[in-house]
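A quick write-up on the structure given underneath.
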There are 2 protein chains.
Amino acid sequence: MNKEYILELLLTNKIRKTQFRIELLEVFMNTKYGLSFKDVKERISSTQDKVTIYRALTIFEKKGIIHKVPNTNDVSKYAICPEACSEKAHQHNHAHFICTQCEKTFCVDEIELPILKKVKGYKIKRSNLTLEGDCPDCI
Amino acid sequence: MNKEYILELLLTNKIRKTQFRIELLEVFMNTKYGLSFKDVKERISSTQDKVTIYRALTIFEKKGIIHKVPNTNDVSKYAICPEACSEKAHQHNHAHFICTQCEKTFCVDEIELPILKKVKGYKIKRSNLTLEGDCPDCI
DNA sequence: AAATTAAACGCAACTAAGTTGCATTTAATT
DNA sequence: AATTAAATGCAACTTAGTTGCGTTTAATTT
């Protein structure tokens, strides 16, 4: 199991190894698609307060452990970062696919985004390609 | 002025020409960047109920007159569609730039998205490229 | 021009997402 | 064992967006 990797992640990011945060990372690692706040809550065995969950999500995102994928339906999903992201270089050079039927969010590693730095006077720090449609399970 | 174009838009989409909806479209046409609900409310002279505003935004989006750009900060922006979108083919083949300083959202026509139809079993109906960073005014 | 009707509107009440302040607990350090 | 700062829990709050329902009004029909 990747429990060791989780502990390593928490250590290098100076996040305390609490039961809940370890379990939260396990949930993310064992899910192939993005999770909304509600999804996360359902998958956590300990009945944590929503504030605690939000705070963990926020710090994980800030540290580059997970990333947030916004959705036109106003319910963002969180997913674990596939490779090494850090607080400084939080680049997700892959697309996200959102199924409009089952509402699941998948990372699509097959599509590589061109890393643009500048376009017509805009300084680009991050880019995010979101695809919408039907996922393999819903076609 | 493009008042005539607005009336035409409403007519072809079978939306009644009320004072408010005409004004709302004028606001969108005269703004070069995306508007949040709050932005819209501030720019409307008549003091419309928020439900009325939301319903107009929803129907305009459904008809392909405006499109919604989600943001990681959970405040979506709405912007008028540059070309001919329709209820069926609501494709926005351009990127959106969100300034992390002033929070403005701009359509970036310079970047053309490759129109992907299928990737690894996913059926893609819509795609959305969002760029984040500093806009020309904030650099 | 009057009657009809369905879209648009306004209000109240609600849900759901996410935040803030503060007191308490606990992991990690000294 | 004592310290301390991170993490937690609770209450209360804000903000975005929705639903139901009765009323108004733009557009159509007679």
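We name chains A, B, ... by the order of the sequence lines, and we start the count at 1 in each one.
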I need the CG-C1' distance between A/Asp39 and C/dA17, as an integer number of Å. 14 Å
The helix from C/dA1-D/dT30 to C/dT30-D/dA1: angle between its terminal axes, five pairs each, to 10°? 30°
For nucleotides 18-22 of chain C, tabulate all protein N/O to nucleotide N/O atom pairs closer than 3.5 Å, reporting atom names and distance.
residue: C/dG18; atom: OP1; partner: B/Asp74; partner atom: OD1; Å: 3.2
residue: C/dG18; atom: OP1; partner: B/Asp74; partner atom: OD2; Å: 3.4
residue: C/dG18; atom: OP2; partner: A/Tyr54; partner atom: OH; Å: 3.0
residue: C/dG18; atom: N7; partner: A/Lys50; partner atom: NZ; Å: 3.3
residue: C/dG18; atom: O6; partner: A/Lys50; partner atom: NZ; Å: 2.4

Base-contact (B) and sugar-phosphate-only (S) positions in nucleotides 24-30 of chain C, heavy-atom cut-off under 4.0 Å, - elsewhere: --BBS--
d(CD1, A/Ile59; P, D/dA5) in whole Å: 16 Å
Would you please name every residue forming a side chain to side chain contact (heavy atoms under 4.5 Å, CB included) with A/Thr52, sequence neighbours left out? A/Phe20, A/Gln48, A/Asp49
Distance check needed: D/dT8 P versus A/Ile22 CD1, whole Å only. 10 Å
Say you draw a straight line from CD1 of A/Ile6 to NZ of A/Lys17; how long is it, rounded to the nearest 0.5 Å? 12.0 Å
Point-to-point distance, once rounded to the nearest 0.5 Å, from CG of B/Leu24 to CD1 of B/Ile66: 7.0 Å
Rounded to whole Å, how long is the line connecting atom CG of A/Leu57 with atom P of D/dT8? 11 Å
Residue list, ring pair (Phe, Tyr, Trp, His ring centres under 6.0 Å) with A/Phe37, at least two apart or on another chain: A/Tyr54
Expressed in angstrom and rounded to an integer, what is the separation of B/Glu23 atom CD from C/dA8 atom C1'? 16 Å
Consider only side-chain heavy atoms of I, L, V, M, F, W and Y, link residues closer than 4.5 Å, and tell whether B/Phe28 and B/Leu9 are in one cluster. yes
Quiz question: by atom type and distance under 3.5 Å, do the side chains of B/Glu23 and B/Ser45 form a donor-acceptor pair? yes
Indicate yes or no for a side-chain donor-acceptor contact from B/Asn13 to the backbone of B/Ile15 under 3.5 Å, with no hydrogens or angles considered. no
B/Thr130: partners by side-chain hydrogen bond (donor to acceptor under 3.5 Å, both in side chains), with sequence neighbours left out: B/Asn128
If we ignore hydrogens and angles and just use 3.5 Å, is the side chain of B/Lys77 paired with the main-chain N or O of B/Glu103 as donor and acceptor? yes
Establish, yes or no, whether a centroid distance under 6.0 Å links the rings of A/Tyr78 and A/Phe60. no
How close or far is atom P of D/dG17 from atom CG of A/Asn73, stated in whole angstroms? 11 Å
Determine whether more than 12 heavy atoms belonging to other residues, nucleotides or ligands lie under 6.0 Å from atom CD of A/Gln19. no
In whole Å, I'd like the distance from the NZ atom of A/Lys41 to the P atom of D/dG9. 11 Å
